[in-house]
Amino acid sequence: MVTTLADLIGVLDAAYPPKLAESWDSVGLVCGDPGDEVTRVLFAVDATAAVVDEAIDWRAQALVVHHPLLLRGVDTVAADTPKGALLHRLIRSGCALFAAHTNADSADPGVSDALAEALGLTVTGPLDSKPRAAVDNWVVQVPRSHADEVLAALFAAGAGGSGTYRDCALRVPGVGQFRPVAGADPAIGAIGELQQVDEDRLEVIAPPAARTAVLAALRSAHPYEDPAYHVSERAALPSGLGIGRVGTLPEPESLREFTSRVAAALPATTWGVRAAGDPDRMIQTVAVCGGAGDSYLNTVARLGVDAYVTSDLRHHPVDEHLRSGGPAVIDAAHWATEFPWCAQAQTAVRTVLPDLETRVSTLRTDPWTIATP
């Protein structure tokens, strides 16, 4: 059976839903024809020139990366520009480019889960939780004779879906009553008379964006001129989704020992691994954030963890964080903290598309090349 680029995209979008991406981000297919056949997929953090060379030399039909090549707005991808040159080479070689960035950061599991696993942490939850999307709960009273018709209309309008389930509803039998008054045009009963009808109470959920469509479908399919219904919105609830992770070590160890653990778990870089804090401080609860994470220093301080592992930390924020009593911080190379995700993404694809040949690029795309004592 032929596997297409569209099949690969479907698996990646299921693992790292695009809706989880931040509003400023650019994720998904950068170049490639979804209808093309795919037999080989290469995974990497960055689409650098060397990684593109590797993908083409290996005759891969898809390169899956974490960092978007075209994150900022561009007005040209001409072949004489750095990014345009890479895109032209990929297209000419029949290799698609796909990026999963902040959607992979917030997914469950995602980038920071892979980092936590590499460090031997047992994850207890997100560092910065992304609440589950709010949903509407529609409650409709309808004569039992028309319940199936109304439900079908609601489903067609986008109601009744939850995750991988469709046509979901609760039906509760009951007896409804009403008294039409002057000016009414009742479908059942007469003006001035109390009418009792065998009804079903229908409950369905729907995304808030579908309110107009669901209401129109309800009014169109319901036999009454003024259907009885109400809509409530479920509060956004915490979930396993979100940036970063918090976890625990099997046993407490000193900051000195934990820093060595981080260095041994991550691929070596010129940047290396450095820590700030009392070397003898005991560490057991740890927050991690793959990639740049100094914007979460206040968050980890409030959580009361013993240490925070991330990258791209700056002098003044770290100094103020420690002087305010915040946890120890461990700063590793940006690329190194996100590299474990490549194997996670590879596993997600292999699980669903086992016939694909896949591999993770071991090329170091960390830009730093020299370090001196």
Exercise. Dump the intermediate steps for side-chain contact (heavy atoms from CB on, under 4.5 Å) on E357 and W58, then the final yes or no.
Key: CA-CA 11 Å; E357 189 175 353; W58 188 50; 3.9 Å; yes
Can I get a per-line list of side-chain donor-acceptor pairs under 3.5 Å for residues 77-84, giving both atom names and the distance, sequence neighbours left out?
unit_1: T81; atom_1: OG1; unit_2: A78; atom_2: O; d: 2.7
unit_1: T81; atom_1: OG1; unit_2: G84; atom_2: N; d: 3.1
unit_1: K83; atom_1: NZ; unit_2: L69; atom_2: O; d: 2.9

Exercise. Apply the test side-chain contact (heavy atoms from CB on, under 4.5 Å) to residues H321 and D294: give CA-CA distance (whole Å), side-chain angles for both, the deciding distance (0.1 Å), then the verdict.
Key: CA-CA 10 Å; H321 166 80; D294 67 355; over 6 Å; no
Exercise. To the nearest 0.5 angstrom, please state how far the CG atom of D25 sits from the OG atom of S23.
Key: 9.0 Å
Practice problem: State whether the side chain of T48 and the backbone N or O of T365 hold a donor-acceptor pair below 3.5 Å, judged by distance alone. | Solution: no
Quiz item: Got a second to check how far H88's NE2 is from S93's OG, nearest 0.5 Å?
Solution: 12.5 Å
Quiz item: Any donor and acceptor pair, going by atom type alone, linking the side chain of D113 with main-chain N or O of G110 inside 3.5 Å?
Solution: yes
Practice problem: Mind listing the closest non-hydrogen atom pair of P68 and A99 along with its distance? | Solution: CA-CB, 3.9 Å
Quiz item: Hey, does the side chain of D200 reach the backbone of L202 with a donor-acceptor pair shorter than 3.5 angstrom?
Solution: no
Quiz item: Going only through I, L, V, M, F, W and Y residues with side-chain contacts under 4.5 Å, is there a path from V52 to V74?
Solution: yes
Quiz item: Backbone N or O of V246 within a donor-acceptor pair of the T124 side chain at under 3.5 Å?
Solution: yes
Self-check item: E117 atom CD, over 12 foreign heavy atoms within 6.0 Å
Solution: no
Exercise. Answer yes if F98 and V27 sit in the same cluster of Ile, Leu, Val, Met, Phe, Trp and Tyr residues linked by side chain heavy atoms under 4.5 Å apart, and no otherwise.
Key: no
Quiz item: To the nearest 0.5 Å, what is the distance between CG (L97) and CG (L86)?
Solution: 9.0 Å
Quiz item: Quick check: does any side chain N or O of N103 sit under 3.5 Å from a backbone N or O of H101, one acting as donor and the other as acceptor?
Solution: yes
Quiz item: With distance as the sole criterion, is a donor-acceptor pair present between the side chains of D366 and T269 under 3.5 Å?
Solution: no
Self-check item: Rounded distance (nearest 0.5 Å) linking atom CG of L313 with atom NE2 of H334
Solution: 11.5 Å
Quiz item: Do D331 side-chain atoms and V309 backbone N/O form a donor-acceptor pair below 3.5 Å?
Solution: no
Practice problem: Output, in order, the C-alpha distance, side-chain angles, deciding distance and verdict of side-chain contact (heavy atoms from CB on, under 4.5 Å) for L218 and V150. | Solution: CA-CA 6 Å; L218 167 62; V150 170; 4.2 Å; yes
Self-check item: Under 3.5 Å side-chain donor-acceptor pair for T4 and D7
Solution: yes
Quiz item: Would Y296 and Y308 count as a close aromatic pair, with their ring centres under 6.0 Å?
Solution: no
Practice problem: Determine, for R171 against D148, whether the closest basic-nitrogen to carboxylate-oxygen distance falls under 4.0 angstrom. | Solution: yes
Quiz item: Under 6.0 Å from the CZ atom of R72, do we count more than 12 heavy atoms belonging to anything else shown?
Solution: no
Quiz item: Are H316 and E320 linked by a side-chain donor-acceptor pair shorter than 3.5 Å?
Solution: no
Quiz prompt | Expected output: side-chain E338 to main-chain A336 donor-acceptor under 3.5 Å | solution = no
Practice problem: Could you tell me which non-hydrogen atom of A187 sits nearest to which non-hydrogen atom of P223, and how far apart they are? | Solution: CB-O, 3.4 Å
Quiz item: Are the charged groups of K130 and E22 less than 4.0 angstrom apart, N to O?
Solution: yes
Quiz item: Do the non-hydrogen side-chain atoms of W341 and D105 ever get within less than 4.5 Å of each other?
Solution: no
Quiz prompt | Pairing of R201 and E203 as salt bridge, 4.0 angstrom limit | solution = yes
Quiz item: Is it the case that one hydrophobic cluster holds both F339 and V64, taking links as side-chain heavy atoms less than 4.5 Å apart, direct or via other members?
Solution: yes
Practice problem: Tell me whether V204 is reachable from V142 by hopping between hydrophobic residues (I, L, V, M, F, W, Y) whose side-chain heavy atoms are closer than 4.5 Å. | Solution: yes
Quiz item: Hey, mind stepping through F258 and R281 against side-chain contact (heavy atoms from CB on, under 4.5 Å) and telling me if it holds?
Solution: CA-CA 10 Å; F258 180 64; R281 175 174 181 167; over 6 Å; no
Quiz item: Would a hydrophobic clustering, with Ile, Leu, Val, Met, Phe, Trp and Tyr connected at side-chain separations under 4.5 Å, put V262 with W368?
Solution: no
Practice problem: Supply the atom-to-atom distance I56 CD1 to L42 CG, rounded to the nearest 0.5 angstrom. | Solution: 11.0 Å
Quiz prompt | Q284 backbone acceptor or donor facing D306 side chain under 3.5 Å | solution = yes
Quiz item: Does R234 reach the main-chain N or O of A134 with its side chain, forming a donor-acceptor pair under 3.5 Å?
Solution: no
Quiz prompt | Heavy atoms of other groups near R314 CZ, more than 12 under 6.0 Å | solution = no
Quiz item: Would you say H230 has more than 12 foreign heavy atoms packed within less than 6.0 Å of its NE2?
Solution: yes
Quiz item: With no hydrogens and no angle check, is any side-chain donor or acceptor of S311 less than 3.5 Å from a backbone partner on G291?
Solution: yes
Quiz item: Looking at E233 and R211, does any basic side-chain N land under 4.0 Å from a carboxylate oxygen?
Solution: yes
Quiz item: When rounded to the nearest 0.5 angstrom, what is the spacing between CG in L303 and CG in L127?
Solution: 6.0 Å
